[in-house]
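Below is one structure, written out as structure tokens, with a few remarks after it.
To find a chain, count down the sequence lines: A is the first, B the second, and so on, and within it residues start at 1.
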There are 2 protein chains.
Amino acid sequence: MPSSREKLNYTPSIRRMPSYLTIIRAFQRTGEPYISGTYIANELNLEPIQVRKDLSITGIIGKPKKGYPVEPLIQAIEHYLGWDVEKAATVIGAGNLGSALTGYQEFRNHGMKIVAVFDTDPLKIGTTVHGVPVYSMDSLPSVARELGIAIAILTVPSPFAQSSCDAVVAAGIKSIWNFTTVKLKVPDDVVVQREDLSSGYALLSVMMRTRLNRQLSEQ
Amino acid sequence: MPSSREKLNYTPSIRRMPSYLTIIRAFQRTGEPYISGTYIANELNLEPIQVRKDLSITGIIGKPKKGYPVEPLIQAIEHYLGWDVEKAATVIGAGNLGSALTGYQEFRNHGMKIVAVFDTDPLKIGTTVHGVPVYSMDSLPSVARELGIAIAILTVPSPFAQSSCDAVVAAGIKSIWNFTTVKLKVPDDVVVQREDLSSGYALLSVMMRTRLNRQLSEQ
DNA sequence: TAGATTGTTAATCGATTAACAATC
DNA sequence: TAGATTGTTAATCGATTAACAATC
């Protein structure tokens with residue numbers, strides 16, 4: 001029996017899908033029925049062959065000379081990502097980042113609806129964040145069941161990451177979007193995507209240093 | 001003359017560096033003078049060989065049987081990332097995400113100090129966000145010069161992304177951390193790192209769908 | 001000393017890119 | 001029709017992993 005730990009294939013391609021969607025959706029407003037891979041590639045500074053390879057993963061078939069049919073292409077990408085099925089989500093930790101993510105409207109376009117926020121601060125419990133009610137962590141199991149929550153977005157301070165994660169798992173939630181710096185330990189049937197702001201900042205930092213070095217050496 | 005568009009090497013390794021730092025810093029509190037690659041690998045669910053390969057990029061030399069000297073290792077990573085040099089940064093757009101990032105203390109440990117926020121909303125200008133003053137976009141050039149701002153963190157709504165980016169570039173800021181969904185057009189000497197929350201969510205979504213399919217097929 | 005761990009060289013793996021026939 | 005664009009097969013490239021000698 002394969003475990004949930006097996007590696008996901010096409011990871012880089014999957015990461016590019018949302019930006020394809022953005023471009024194609026914007027193009028859709030022109031009313032043109034077909035969009036070419038070349039056009040998408042130009043918009044995103046990618047190679048056309050890469051766009052075609054990526055799109056082929058979704059099973060969409062293009063027409064030579066014309067391109068891909070816009071409406072079916074959007075549906076193919078959304079279906080591939082599972083964004084055509086609405087999922088209830090919760091934010092664990094009503095801090096800065098948690099509040100920002102709760103108010104991030106774009107997720108609605110991706111089939112994710114944040115229906116609850118959980119926190120331990122008595123001053124926050126009973127209030128709302130961007131219209132979403134804040135509950136006590138104690139009520140996580142019952143609220144998760146009632147609202148059919150499928151995804152937990154973890155934005156608690158790092159020292160509480162693993163214990164919050166354990167509570168999420170105990171409440172039967174099997175998908176965790178982890179914004180803490182902690183590598184979470186979870187059962188085999190729980191999937192975790194870690195979002196690490198520092199890793200992107202590390203790339204920017206090295207680009208800055210590299211550019212600096214080059215400028216110095218070119219003088 | 002090579003352009004700033006050339007591709008960065010070791011991208012995956014660079015992305016892992018911050019998580020190494022987190023583990024090593026936590027280990028440092030034990031007082032042990034050496035940390036092994038095997039230990040780091042265990043903490044992060046990675047292969048030891050990958051940790052060793054990554055660390056070798058920083059130029060650090062380990063001791064067989066003992067491991068890497070903790071203090072020099074931290075310094076080697078920070079120096080490689082350029083995190084040993086303090087840089088002034090600004091957040092463009094005092095919305096949800098901009099405020100959250102302004103209040104994110106971890107950046108201070110990475111040599112980045114957010115010294116100004118810019119917005120176009122008259123109600124926000126003149127106030128502070130997490131203690132950082134909010135300025136009018138008009139004053140960007142002068143404030144950027146006075147405070148020596150090196151990095152702009154772009155968190156404006158997508159329709160304003162390119163124009164805000166142009167203003168940043170005109171103000172002489174040459175490093176942009178882009179949190180919008182827009183692919184920015186910038187001069188050759190400006191580096192951009194795009195942070196796309198949707199791409200991580202796309203991975204989580206496909207993992208969820210894949211797990212679901214497997215569970216169905218195993219029944 | 002023995003064995004854990006490093007660093008290097010080679011092999012494997014997966015992603016990107018190139019080449020090109022098919023075709024609307 | 002001619003040429004732009006697709007989809008497939010092969011080549012290249014870069015990252016990961018394996019093997020193993022060196023060594024504290």
Closest-nucleotide mapping onto DNA chain C: is A:Asn9 or B:Pro48 further toward the 5' terminus? I mean the 5' end.
B:Pro48
A:His79 atom NE2, neighbour heavy-atom count above 12 within 6.0 Å:
no
In whole angstroms, how far is the P atom of D:dT8 from the CD1 atom of A:Ile60?
13 Å
Fill in the dot-bracket string of DNA chain D, one character per base: . for unpaired, | for a pair to another strand, ( ) or [ ] for pairs within the strand, taking Watson-Crick or G-U pairs under 3.5 Å.
..||||||||||||||||||||||
Starting from P on C:dT16, measure out to CG on A:Leu44 and report it in whole angstrom.
14 Å
With ring pair (Phe, Tyr, Trp, His ring centres under 6.0 Å) as the test, would you mind laying out the steps for B:Tyr34 and B:Tyr68 before giving the verdict?
CA-CA 5 Å; B:Tyr34 288 89; B:Tyr68 302 87; 9.2 Å; no
Under 4.0 Å: is that the gap between some side-chain N or O of A:Tyr68 and OP1 or OP2 of D:dG7?
yes
If the cut-off is 4.0 Å, is A:Arg16 near the phosphate of C:dT16, judged by side-chain N/O to OP1 or OP2?
yes
Report the distance from atom CD1 of A:Ile40 to atom C1' of D:dT5, rounded to the nearest whole Å.
12 Å
A:Tyr10 atom OH: more than 12 heavy-atom contacts under 6.0 Å:
no
For A:Met208 versus B:Lys87, what's the shortest heavy-atom pair and its separation?
CE-CD, 3.6 Å
In whole angstrom, give the distance that lies between atom CD1 of B:Ile61 and atom P of C:dT5.
18 Å
Looking at A:Leu154 and A:Ala161, what are the two nearest heavy atoms and their distance?
CD2-O, 3.8 Å
Parallel, tilted or perpendicular: which fits the ring planes of A:His110 and A:Trp83, with parallel below 30° and perpendicular above 60°?
parallel
Sugar-phosphate means primed atoms, P, OP1 and OP2; the rest is base. With that split, encode nucleotides 18-24 of chain C 5' to 3' as B, S or - using protein heavy atoms under 4.0 Å.
BB---BB
Starting from C1' on D:dA15, measure out to CG on B:Leu46 and report it in whole angstrom.
14 Å
Under 4.0 angstrom, heavy atoms only, what part of the nucleic acid is A:Ser56 near: base, sugar-phosphate, or nothing?
nothing
Using whole Å, report how far NZ of B:Lys7 lies from C1' of C:dT16.
8 Å
Interatomic distance where CD belongs to B:Gln50 and C1' belongs to C:dG7 [whole Å]:
16 Å
Quick one: does any side-chain atom of B:Gln162 pair with a main-chain N or O of B:Lys185 as donor and acceptor, under 3.5 Å?
yes
Please report the closest heavy-atom contact between B:Ile77 and B:Met17, naming both atoms and the distance.
CG2-CB, 4.1 Å
Could you state the OH-P distance from A:Tyr10 to C:dC13, rounded to the nearest angstrom?
16 Å
List for me each residue that meets salt bridge (charged side-chain N to carboxylate O under 4.0 Å, His left out) alongside B:Arg25, sequence neighbours excluded, and say none if there are none.
B:Glu78
